[in-house]
Number of protein chains: 2
Amino acid sequence: MQTVSENRAFGGVQGVYRHAAQTTGCEMTFGLYLPPQAKRQPVPLLWYLSGLTCTHENAMTKAHAQEHAARHGLAVVFPDTSPRGDGVADDPAYDLGQGAGFYVNATQAPWAAHFQMWEYIATELPRVLMANFPLKEDRQAITGHSMGGHGALTLAMRLPGRFASVSAFAPIANPSASDWGRKQFAAYLGADESAWAGHDATLLMREAGFAGPVLIDQGGADQFLDLLRPEALAEAMAARRQPGVFRMQAGYDHSYFFVASFMADHIAFHAQALGQ
Amino acid sequence: MQTVSENRAFGGVQGVYRHAAQTTGCEMTFGLYLPPQAKRQPVPLLWYLSGLTCTHENAMTKAHAQEHAARHGLAVVFPDTSPRGDGVADDPAYDLGQGAGFYVNATQAPWAAHFQMWEYIATELPRVLMANFPLKEDRQAITGHSMGGHGALTLAMRLPGRFASVSAFAPIANPSASDWGRKQFAAYLGADESAWAGHDATLLMREAGFAGPVLIDQGGADQFLDLLRPEALAEAMAARRQPGVFRMQAGYDHSYFFVASFMADHIAFHAQALGQ
């Protein structure tokens with residue numbers, strides 16, 4: 001693992017690191033914020049999964065997470081959203097290929113060779129993080145924005161016991177019924193829709209739910225409401241009696257100004273679930 | 001004036017606007033954050049001047065100012081750092097020409113035609129802001145980073161009564177004795193150094209000081225310490241008995257992670273001076 005940069009931030013360190021990943025068969029870059037408390041002892045870890053077109057860098061600079069993470073003593077990891085590089089398959093569309101991994105393990109050509117983002121986030125990156133940084137493996141939580149909200153919700157529900165809490169900002173909530181989902185699942189997972197169900201937060205919520213608190217924020221003026229389908233997830237949460245809060249935030253759009261506006265709430269929510 | 005974008009943020013609005021500027025003879029773009037309090041009544045205005053290579057956009061997304069501005073009821077304006085466009089003179093170096101206006105009125109060719117940033121910030125942009133937004137003209141404060149810290153300090157000291165308070169993050173503190181200054185002042189203002197003195201915060205502090213509180217933050221691990229010359233300003237402040245605080249922040253570098261880390265303090269400082 002190689003250190004790309006380290007900047008002091010809010011008394012802690014905002015680092016960027018690179019490593020040769022086996023799951024994705026390429027170099028992967030991630031950001032990790034360690035709060036000041038990590039100088040003395042291991043700290044809990046919050047995962048932040050990013051949306052379409054993002055790298056590790058967008059949320060690290062725009063989500064305003066570090067200030068609140070420092071206050072509550074949480075580390076925050078900002079993974080990349082896909083494998084990258086010249087040898088990695090890509091597509092001219094912004095919503096397929098590099099920058100659009102959708103947090104699945106691709107089974108179809110040409111994607112299967114590198115697009116193993118589920119495995120990377122669920123298994124390989126946690127191992128790298130726990131081996132190299134003062135983090136508490138048994139104290140993790142997860143959040144994300146848009147495609148990253150989809151990733152956070154699906155990982156949380158399908159890895160029971162891994163995360164104490166899950167939240168999302170404007171998640172792609174029902175991808176198997178949306179053009180943000182059907183196109184990508186067909187490409188990565190093939191035409192058989194039974195393979196898609198494990199990657200649809202609404203279907204997973206109906207099926208299994210989450211054994212902890214859930215917080216969803218959705219902007220009421222989001223320009224992608226039709227693609228996100230928040231109503232499907234809200235219905236599924238309520239129908240299941242899932243402990244949690246779904247907030248429709250009037251006037252907010254899909255941008256990082258929306259994410260930043262409610263980051264303090266999300267970090268406080270996870271800190272409480274993690275006993276911080 | 002044309003609206004480029006408006007995003008709801010922390011209950012207020014982060015806008016980006018463009019207008020044909022007479023002082024600089026080109027289209028100028030600026031960001032303006034209006035806090036929620038501005039829906040009911042005019043609010044005080046904090047100026048944030050940016051550093052070399054920046055546009056209006058860097059601080060708007062990376063400085064984490066909006067959250068604290070919303071709490072204290074301050075508007076924040078993020079001007080561009082120079083005139084821009086195909087018809088505007090430029091230089092291949094990152095520290096001269098477009099993105100490097102240094103907040104002076106150029107008198108030398110080829111710069112004089114457009115590089116009138118002092119006049120733009122001191123006269124024209126305030127007029128545009130006061131005419132179009134609910135702002136209190138008699139309640140203004142100013143801050144900035146690096147080259148923008150230089151701008152904030154020089155404008156504050158040379159426009160007595162305009163700003164209630166001034167602060168800076170890692171300002172270019174003594175440009176007439178630095179390679180971040182001598183090169184640019186020679187190009188923009190000519191070889192006669194007497195024309196430079198009005199644009200050197202250390203010299204102005206020795207000469208006149210500031211009739212209000214001053215807050216300076218400087219990273220102790222800043223990679224540009226030799227160019228910034230904070231020791232000259234610290235000496236001048238102490239020698240003058242200038243009311244104010246100069247903080248050397250151990251371990252912090254020149255990045256926006258440093259700026260963001262202390263933004264809460266700076267906004268609270270200005271809010272207090274503005275009676276918020």
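In the text below, chain A, chain B and the rest are named by the order of the sequence lines, each starting its count at 1.
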Exercise for review: Check each atom of Q66(A) against the heavy atoms of chain B and say whether the ones under 4.5 Å are side chain, backbone, both or neither.
Suggested key: side chain
**Study point:** Working for side chain to side chain contact (heavy atoms under 4.5 Å, CB included), residues H64(B) and F10(A)
**Key:** CA-CA 12 Å; H64(B) 300 201; F10(A) 299 97; 4.1 Å; yes
Review point. Around D179(B), counting heavy atoms of other residues, nucleotides and ligands shown, do more than 12 lie under 6.0 Å from its CG?
Key: no
Exercise for review: Please indicate whether Q272(A) has more than 12 foreign heavy atoms, meaning atoms of other residues, nucleotides or ligands, lying under 6.0 Å from its CD.
Suggested key: no
Review point. Between the main-chain N or O of N7(B) and the side-chain N or O of Y252(A), is there a donor-acceptor pair closer than 3.5 Å?
Key: no
Revision key, fill the gap. So, the part of Q223(A) with a heavy atom under 4.5 Å from chain B: the answer is neither
Review point. Can you list the steps and then say if F257(B) with T61(A) is a side chain to side chain contact (heavy atoms under 4.5 Å, CB included)?
Key: CA-CA 8 Å; F257(B) 293 113; T61(A) 54; 4.3 Å; yes
Check your understanding: Of the backbone (N, CA, C, O) and the side chain (C-beta and beyond), which part of H254(A) lies under 4.5 Å from a heavy atom of chain B, both, or neither?
Key -> neither
Practice item. Go through A221(B), G11(B), G219(B) and name the one with the most non-hydrogen pairs under 4.5 angstrom from chain A. Key: G11(B)
Practice item. Measure distances from M60(A) to the heavy atoms of chain B and classify the residue's part below 4.5 Å as side chain, backbone, both or neither. Key: both
Check your understanding: A250(A) and R8(B): which non-hydrogen atoms are nearest, and at how many Å?
Key -> O-NH1, 3.0 Å
